2 protein chains.
Amino acid sequence: MPRRRQAVTIKHVAADAGVSLQTVSRVINNEPNVRPEMAERVRGSINRLGYVPLIAAQRMGGSKSRLILALNDRDRTIAGWQNREGTDWVDQMLLGGMLTCGRHGYRLILELVDTHSDHIERELLGAIGALRPDGVILTPPHSQDPVILDLLERHGISIARIGSLTPGPGFSLIMGDEDAARMATDHLIALGHRRIGLIAGATDYELSGWRVTGWRAALAEAGLADDLLAPGNFDYASGRAAANSLLAAADPPTAIIASSDQMAIATLEYARERGLRVPEDLSIISFDDTPVARFASPPLTAVVQPIAAVATLAVERIIAEQAQDDLPTEPVYVAADLAVRGSTAPPPRR
Amino acid sequence: MPRRRQAVTIKHVAADAGVSLQTVSRVINNEPNVRPEMAERVRGSINRLGYVPLIAAQRMGGSKSRLILALNDRDRTIAGWQNREGTDWVDQMLLGGMLTCGRHGYRLILELVDTHSDHIERELLGAIGALRPDGVILTPPHSQDPVILDLLERHGISIARIGSLTPGPGFSLIMGDEDAARMATDHLIALGHRRIGLIAGATDYELSGWRVTGWRAALAEAGLADDLLAPGNFDYASGRAAANSLLAAADPPTAIIASSDQMAIATLEYARERGLRVPEDLSIISFDDTPVARFASPPLTAVVQPIAAVATLAVERIIAEQAQDDLPTEPVYVAADLAVRGSTAPPPRR
DNA sequence: TTGAAAGCGCTAACAA
DNA sequence: TTGTTAGCGCTTTCAA
């Protein structure tokens, strides 16, 4: 078996087109200073020979690797896959990120790292060292982790931080959590609800706070009390505990907004056990809108996170940074949506 | 800004350990002909300096790329992501494939290619040329596509073919579709059913035929007729049409096995519309067991495909092939499982 | 068992 | 606008 090598290389193209390697390289990379007819000739040869640049070689020659890493929380991601609950965070990231990478000759590589471990630095260095990605997409809680941020910055890697506004390197992309919470609350107020509870997300996620803020603002505007706030950490058990505490209040809520689908499902089931009908006696709105929200009965009214759109923007921004330095530094904002379904209705009459 | 370069390279390690580059390379690749104490010294330096080999450079040097491609059908995958129906085929592949790759210093890269297009060859050549993967994991219907198989073989790339036994290059991994169908049918027979229908999958999937075979075999063994076979192509609409035709039979089924979750859901809903209760009047079993099967009401008894396990084996086999030539060539078989849930019960009494 | 040399395919820096 | 040169970090020869 012959040693495996690139069938057709930049040399073949150069020879075929009768130009130097460098000219071919310039054409491939859309660089200036190539006469149009020259470029055309080179492109002709590229197509005729079926030439495709080898990413590894491009990496070796120059600075760019044309690789972008999507960093996700290891345990959470694996648990989601194993439980097969249909949580599609990763899929939506791939949908936006992979396809966008593809359009630019980049590749997206998914990488899982332990969040709460002391060897996170070593893990990350392993991926960085082996791949040398041009950029990294960080999701919460990684996107606000100073160890990770610092490490990436020291390596000169572009950083896209989803769901974090903490000052630091890289640029932020947020999904309008505050407005989304406000929108959800307003929807309930418009239906006639006066007692609206919120189950918060884990406190180490910045977006948890934003949701509380939006909920508070909407209530304040309507002159309603914001005493119905219960802590949660996104998972089912915490949702159940929160529902319990909210519904045990002296003046209980007629509607509850949960900061995750799992907590919303927990609330739904707990309410049923207490003999409450949804939505007749209790309205429920969830955050995330993973498939489970749609499969519930009734289907849950939910805040739809534009994950794919945000991933697309993250990739585009990272790629743009490779060519240009002075890009706008303000956070990118993509509005969330509210999908109104069967779990919300006017409150019961007194 | 300085030109981005590998912070610590093999040279640094060699200098630190006082050996040649070559010796370090040998240690990294676990090659023979290195004295233990020498290897130990090198490993010490590697750890101390935090050295990680750059995959791109390893590729350039020759040898392996340490990259494995997971090829999926482009349209189908994107549609699944966009519809957010919770189909988690890709996730399960990642679960098995990515984690296994990680354990061996490999990376798994997901790649989507158009199935029914004439430029499939060009698309695939693009991915192959850019990445030069050591192996490719093929899923149906790619796994039986002669154009793809031939192309990969010509490039000397290891091929893992999931769900195909068609002769050709590469090695096969199958998920026991025949046995699974037999198991599902037996389950229904044990419950007392005598009229058991099957909605087949798309005919261009080999596994569709295997399922029919298994169903037939079980029926034959029990002395039952196998006239209740309806064609389908995995999607909702075809499931609905099939349910319609089966239930319109003179002697209609009391149980239906659908070759996909979507077709099972369609059957469930169609039966309801006809006033049939599930499982009291009609039992239903589905194939795949994506989350939708569990979220249905009643939750569907379903054949669970061991996708993650198969992906794991595919990766391991591809990696093994890189080092060794004479590996067993028989198809790898991973048994599917039957998750018994609320959609199956004894047939109604006459 | 070890090391020195050559080269993988490409790009950056420089010269023409 | 184009071409030449010198690497990038690693592995494969091959020689010691």
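Lettering follows sequence order; numbering is per chain, from 1. Remember, it's a predicted structure, so these values are computed and weren't measured experimentally.
Applying the side-chain contact (heavy atoms from CB on, under 4.5 Å) test to A/Thr312 and every residue at least two apart in sequence or in another chain returns A/Thr100, A/Arg103, A/Glu316. Take B/Glu321 and apply the side-chain contact (heavy atoms from CB on, under 4.5 Å) test, not counting sequence neighbours, and it matches B/Ser158, B/Phe171, B/Arg317, B/Leu327. Every residue meeting the side-chain contact (heavy atoms from CB on, under 4.5 Å) condition with B/Ile68, not counting sequence neighbours, appears here in chain and number order: B/Cys101, B/Tyr106, B/Leu108, B/Ile137, B/Val315, B/Ile318, B/Ile319. Shown here are the side-chain hydrogen bond (donor to acceptor under 3.5 Å, both in side chains) partners of B/Arg122, two or more places apart in sequence or in another chain: there are none. The salt bridge (Lys or Arg N to Asp or Glu O under 4.0 Å) test applied to A/Asp91 returns no partner, not counting sequence neighbours. The side-chain contact (heavy atoms from CB on, under 4.5 Å) search around B/Leu21 returns B/Ile10, B/Lys11, B/Ala14, not counting sequence neighbours.
The side chain to side chain contact (heavy atoms under 4.5 Å, CB included) test with A/Tyr51 singles out one residue from A/Asp16, A/Val13, A/Val42, and that residue is A/Val13.
Closest approach of A/Arg161 and A/Pro167 over heavy atoms only: NH1-C, 4.1 Å.
Of the two residues near DNA chain C, A/Ala56 and B/Gly18, the one whose nearest nucleotide lies more 5' is B/Gly18.
Nearest nucleotide to the side chain of A/Arg66, out of D/dT11, D/dG9, C/dT11: C/dT11. Here the side chain of A/Asn29 is nearest to one of D/dC8, C/dT11, C/dC10, namely C/dT11. Candidate nucleotides D/dG3, D/dC8, D/dC10 were compared by shortest atom distance to the side chain of A/Val19, and D/dG3 ranks first. Closest approach to the B/Met60 side chain among C/dG3, D/dG9, C/dC10 is made by D/dG9 (side chain taken as heavy atoms from C-beta onward).
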Got a list of side-chain donor-acceptor pairs under 3.5 Å for residues 22-29 of chain A, not counting sequence neighbours?
residue: A/Thr23; atom: OG1; partner: A/Ser20; partner atom: OG; Å: 3.3
residue: A/Asn29; atom: OD1; partner: A/Arg66; partner atom: NH2; Å: 2.8
residue: A/Asn29; atom: ND2; partner: A/Ser25; partner atom: O; Å: 2.9

Donor-acceptor contacts under 3.5 Å from residues 34-41 of chain B side chains, at least two apart:
residue: B/Glu40; atom: OE1; partner: B/Arg43; partner atom: NH1; Å: 3.3
residue: B/Arg41; atom: NE; partner: B/Ala17; partner atom: O; Å: 3.0
residue: B/Arg41; atom: NH2; partner: B/Ala17; partner atom: O; Å: 2.9

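Put simply, A/Ser25 has a side-chain N or O that comes within less than 4.0 Å of OP1 or OP2 on C/dT11.
Every pair passing salt bridge (charged side-chain N to carboxylate O under 4.0 Å, His left out) that includes a residue from residues 135-152 of chain A is listed here, sequence neighbours excluded: A/Asp150-A/Arg154.
Looking at residues 33-42 of chain A, you'll see that no heavy atom sits under 4.0 Å from any atom of DNA chain C.
For the helix from C/dT1-D/dA16 to C/dA16-D/dT1, the end axes, each set by the C1' atoms of five terminal pairs, are bent relative to each other by 30° (nearest 10°).
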Check: protein-nucleotides 4-6 of chain D nitrogen or oxygen pairs below 3.5 Å:
none

